[in-house]
Amino acid sequence: RVAEAVHHVERVGADPLGGLHLHAVGDDAVLVLQAHVLAALQARLGGRGFRVLAVAYRRLVERPARSELERELVLLGLVALADPPRPEVPAAIRRCTEAGIRVVMLTGDHPRTALAIAQQIGLASASCRVILGSELEHMKDARLQLALDEEVLFARVRADQKHRVV
């Protein structure tokens, strides 16, 4: 269906990450394709430990109400930021584990980014449970304690939620 909505393809080119990118003109259905491609790219970059930001703009004639600021934006693209863990972190985590100290990651990062970084530093396996701040918000203390007994990390958490876990 998306392919039927495309009037013409403007350009297909090499993607710096090894794939292809597609610029097409068509009906609103093309936005679904763009959203899908952007979501896949965000997942791919986040899965490699990058912090991914969307950059967008909107021309304004006058300042809108705060609740209207993030509407009708034109997406310019995604920016991937590399903020690798310090080289000494994996060894420090190993020493803590050997000393019987359990290390738990609590971060404001996207879940995919958090899991990728946790794997890079030896803190988590691919099957590690990721609990979002929105889940933690509604979690009873008993459930939180049970979750902490498993391999777990917390992503998209606020400072007050970090205090609750610690």
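Side-chain atoms are counted along with the backbone in the values below, which use heavy atoms only and exclude waters and symmetry mates.
Residues L115 and C128 come closest through the heavy atom pair CD1-CB, 3.9 Å. The two atoms that bring G46 and A116 nearest to each other are O-CB, 3.6 Å, heavy atoms only. Residues A114 and T107 come closest through the heavy atom pair CB-CG2, 3.6 Å. In terms of heavy atoms, Q161 sits closest to G133 at NE2-O, 2.7 Å.
Between the side chain of T113 and the backbone N or O of G49, no donor-acceptor pair lies under 3.5 Å. Counting only distance, with no hydrogens or angles, the side chain of Q119 and the backbone of A124 share no donor-acceptor pair below 3.5 Å.
The CZ atom of R102 lies 12.5 Å from the SG atom of C96; values are rounded to the nearest 0.5 Å. Atom CG of L123 sits about 11.0 Å away from atom CD1 of I117, to the nearest 0.5 Å. In this structure, CD1 on I131 lies 7.0 Å from CG on L148, to the nearest 0.5 angstrom. Here CG of L132 is found 11.0 Å from NE2 of H138. Values are rounded to the nearest 0.5 Å.
Few gaps surround CD on E88; more than 12 heavy atoms of other groups in view lie less than 6.0 Å from it.
Residue pairs meeting the salt bridge (Lys or Arg N to Asp or Glu O under 4.0 Å) criterion with at least one member in residues 49-66, sequence neighbours excluded, are R51-D83, R51-D109. Counting only residues at least two apart or on different chains, the salt bridge (Lys or Arg N to Asp or Glu O under 4.0 Å) pairs with a member in residues 156-166 are E137-R158, D141-R164, R158-D160.
Between H110 and Q42 the shortest side-chain heavy-atom distance falls below 4.5 Å. Contact of the L144 side chain with the F154 side chain is registered, since non-hydrogen atoms from C-beta on lie closer than 4.5 Å.
Tracing side-chain contacts under 4.5 Å through hydrophobic residues (I, L, V, M, F, W, Y), one reaches M105 starting from V103; they form part of the same cluster. A single hydrophobic cluster is not seen to contain both L153 and L136; linkage of ILVMFWY side chains at heavy-atom distances under 4.5 Å, directly or through other members, places them apart. When hydrophobic clusters are built by joining Ile, Leu, Val, Met, Phe, Trp and Tyr residues whose side-chain heavy atoms come closer than 4.5 Å, directly or via intermediates, V157 is grouped together with V152. Criterion: ILVMFWY side-chain heavy atoms under 4.5 Å apart, direct or through other members. Under it, V130 and V165 are not part of a common hydrophobic cluster. A continuous path of Ile, Leu, Val, Met, Phe, Trp and Tyr side chains, each step under 4.5 Å between heavy atoms, connects Y57 with L53, placing both in one hydrophobic cluster.
Of the charged side-chain nitrogens involved, none lies within less than 4.0 Å of a carboxylate oxygen, so that R95 and E98 do not count as a salt-bridged pair.
Residues satisfying the side chain to side chain donor-acceptor pair (under 3.5 Å) test with E151, not counting sequence neighbours, are S125.
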